[in-house]
There are 2 protein chains.
Amino acid sequence: MESIQSEAALNFCQACAVRNRAICADLDDEEIRILNSIGRRRHLEAGEQLFWEGDEAIVVANVIEGLLKLSTQTSDGKEQILGLAYPSDFMGRPFGNSTPYGVEALTPALVCTFQRADFDRFAREHPKLEHNLLERTLSELDRTRRWMLLLGRMNAEQKLATFLLDMSERLAPKGCAPFEQSADAFELPLSRQQIADVLGLTIETVSRQFTKFRKQGLIDLPSRREAVIQKRERLEELAQ
Amino acid sequence: MESIQSEAALNFCQACAVRNRAICADLDDEEIRILNSIGRRRHLEAGEQLFWEGDEAIVVANVIEGLLKLSTQTSDGKEQILGLAYPSDFMGRPFGNSTPYGVEALTPALVCTFQRADFDRFAREHPKLEHNLLERTLSELDRTRRWMLLLGRMNAEQKLATFLLDMSERLAPKGCAPFEQSADAFELPLSRQQIADVLGLTIETVSRQFTKFRKQGLIDLPSRREAVIQKRERLEELAQ
DNA sequence: CGCAATCTTGAGTGATATCAACAGGAGTGG
DNA sequence: CCACTCCTGTTGATATCACTCAAGATTGCG
């Protein structure tokens, strides 16, 4: 088992779909070999939990495929989704004692996990990786702060318009080939309740806003899990 | 002028109040000397702006003394405060093109600024500093995400209770001497409007909640800019 | 003392939450 | 193929919390 793992090690990372975008980008072969030896791939079903809020921070992970949510809740059980993790995103809390949020797969997902102790040690010895992680963390902080404006100062209409535009942008690059997949039609990887938990609303308010947008011809909803943006400019005006 | 600056260089940082807590902690004398040569101290009056949202990200800075706010606004002018910067905190966007938030001093402040290009170059050459910055950014991201729960899922009462407890905690270590300053009585460095902008509320709602807490005996308000926590446990229950 | 800025309080409104009923699909078993 | 159920989402009725608008009160300052 051990030898199979190490033999396959290089191929694993080399063939990795996010090899050039994740924090392991720009590492040399030797570094990749080490990283590979301490990382483990893991499949998750939709709905499966990768870590729980308040866990001892034992594990960190990279997303290879799929979509996951980071979330927390008030003591009376209201949930707030703190962010979504797309392929190449990093999850978990290095250099810390506990994971301050739970992580759950929204779609079937493939992640690359590391024991935090291993990861921390490797990171401290490899500034290039720490630099990549720093850039990623700074971007994530910017994105999170932008979301604070949404949560604190936008009404339901602005929130949903912003959400739809954000999703269409983030889900589009999937087919980043020459024939780029239309960003206007996409599958919603979140349920209405989860959308509500992202936007700080209730499921009923989200549903009503969807209906309103549909009746105004801004969007179409072929099914519960599909959305089509029909008047992007108008949505952009609403989102501002 | 130039020579005075470089002569005084070492002393500047060595005498710095946040020397051991800011991202420059643990740097050796030579590193400190370089950092000092590229940094400039700057005083800010309360209300003075250090950078504007959307600025080209030309400058980054460390807080030495005072309190500053990071904020952004919707296109219709509603403000959201994204965070407060206390002594030893880092502000600005290294490795990026524009500062995604404005920074304004809430009290008279002393900051240590760097041209971003200088800072970026120094950081990339000094992993220790990048590591410090990474740890700080990770903590800030955790804190920001916790605030998302407040903005998205708490009511006005929970928000203000959380705010008061947070302030009392963050302002307390000022007198971190043996005779620690009481955390229960503190000066509010924010106006009612600014508190509203932190909490995603209106000034009237904040004012009403203050009055309610005062009438319930949870807090005292000796003046507009002072608060005294009288029933901390009760506030903690409300904040959850 | 008077003015301006900030804060507080009041009254009324409105957006979103809450509670409740219903609708539509997907899966299951007869 | 059709009933049945479960789950998710939609729609309606009502309540409530926070916002808005407006008027005073307090504070600081020249």
Side-chain angles (χ1 to χ4, degrees), chain A residues 45-47 69 73-74 76-80 106-107 150-164 187-216 219-227 238, chain B residues 45-47 69 73-74 76-81 104 106-108 149-164 187-216 219-227 238:
Chain A
E45 297 304 316
K69 66 167 193 184
Q73 13 200 163
T74 57
D76 51 328
K78 280 182 283 186
E79 179 154 342
Q80 178 65 50
L106 296 176
T107 66
L150 176 142
L151 291 174
R153 291 304 190 200
M154 287 187 185
N155 62 28
E157 181 179 71
Q158 296 173 313
K159 283 178 176 180
L160 190 63
T162 304
F163 172 80
L164 287 167
E187 203 195 314
L188 284 170
L190 288 80
S191 69
R192 295 290 187 270
Q193 181 61 60
Q194 286 162 344
I195 294 172
D197 293 339
V198 170
L199 300 178
L201 297 170
T202 59
I203 182 174
E204 294 93 333
T205 301
V206 170
S207 181
R208 281 186 245 271
Q209 282 298 331
F210 264 114
T211 303
K212 202 178 103 196
F213 284 168
R214 188 173 49 71
K215 287 188 174 161
Q216 292 173 341
I219 60 170
D220 188 26
L221 298 168
S223 78
R224 289 173 169 184
R225 289 297 190 130
E226 289 172 283
L238 292 179
Chain B
E45 298 304 317
K69 66 167 191 184
Q73 17 199 156
T74 56
D76 52 326
K78 280 182 284 186
E79 180 155 340
Q80 178 64 51
I81 293 182
E104 181 187 317
L106 296 176
T107 65
L149 182 65
L150 176 143
L151 292 174
R153 291 304 190 197
M154 287 188 187
N155 62 27
E157 181 179 71
Q158 295 173 313
K159 284 179 175 180
L160 191 64
T162 304
F163 171 80
L164 288 167
E187 203 194 313
L188 283 170
L190 288 82
S191 69
R192 294 290 187 269
Q193 181 60 61
Q194 287 162 344
I195 294 172
D197 293 339
V198 170
L199 300 177
L201 296 170
T202 59
I203 182 173
E204 295 94 332
T205 301
V206 169
S207 181
R208 280 186 247 272
Q209 282 298 331
F210 265 115
T211 304
K212 203 179 103 196
F213 283 168
R214 187 174 49 74
K215 287 187 175 161
Q216 291 172 342
I219 60 171
D220 188 26
L221 298 167
S223 78
R224 287 174 170 185
R225 291 295 191 131
E226 289 172 283
L238 293 179

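Given the structure is predicted, the values throughout are model-derived calculations rather than measurements.
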Original post:
How long is the line joining CG of B:D197 and P of C:dT6, in whole Å?
Top reply: 13 Å
Original post:
Can you name the residues that form a side chain to side chain donor-acceptor pair (under 3.5 Å) with B:T107, not counting sequence neighbours?
Top reply: none
Original post:
Which residues satisfy the side chain to side chain donor-acceptor pair (under 3.5 Å) test with A:T205, sequence neighbours excluded?
Top reply: A:T202
Original post:
Any sub-3.5 Å donor-acceptor pair from A:Q209's side-chain atoms to A:V206's backbone N or O?
Top reply: no
**OP:** Any chance you could list the contact pattern along nucleotides 7-17 of chain C? Use B for base contacts, S for sugar-phosphate-only contacts and - for none, protein heavy atoms under 4.0 Å, 5' to 3'.
**Re:** SBBBB----SS
**OP:** Applying salt bridge (charged side-chain N to carboxylate O under 4.0 Å, His left out), run through A:E187 and A:R225 and close with a yes or a no.
**Re:** CA-CA 6 Å; A:E187 203 195 314; A:R225 289 297 190 130; over 6 Å; no
Original post:
Taking C-beta and beyond as the side chain, do B:L201 and B:F163 meet within less than 4.5 Å on heavy atoms?
Top reply: no
Subject >> Interatomic distance where CG belongs to B:L106 and C1' belongs to C:dT6 [whole Å] >> reply: 16 Å
Original post:
Which residue pairs satisfy the salt bridge (charged side-chain N to carboxylate O under 4.0 Å, His left out) criterion with at least one member in residues 190-213 of chain A, sequence neighbours excluded?
Top reply: A:E157-A:K212, A:D197-B:R153
**OP:** Could you check how far CG of B:L188 sits from P of D:dT27, rounded to whole Å?
**Re:** 15 Å
Original post:
Judged by atom type as modelled, is there a donor-acceptor pair below 3.5 Å linking the side chain of A:Q80 to the main-chain atoms of A:V198?
Top reply: yes
**OP:** Specify the angle, to 10°, made by the local axes at the two ends of the helix from C:dC1-D:dG30 to C:dG30-D:dC1 when five pairs are taken at each end.
**Re:** 30°
**OP:** Sequence neighbours left out, what passes side chain to side chain donor-acceptor pair (under 3.5 Å) with A:T162? Give chain and number order.
**Re:** none
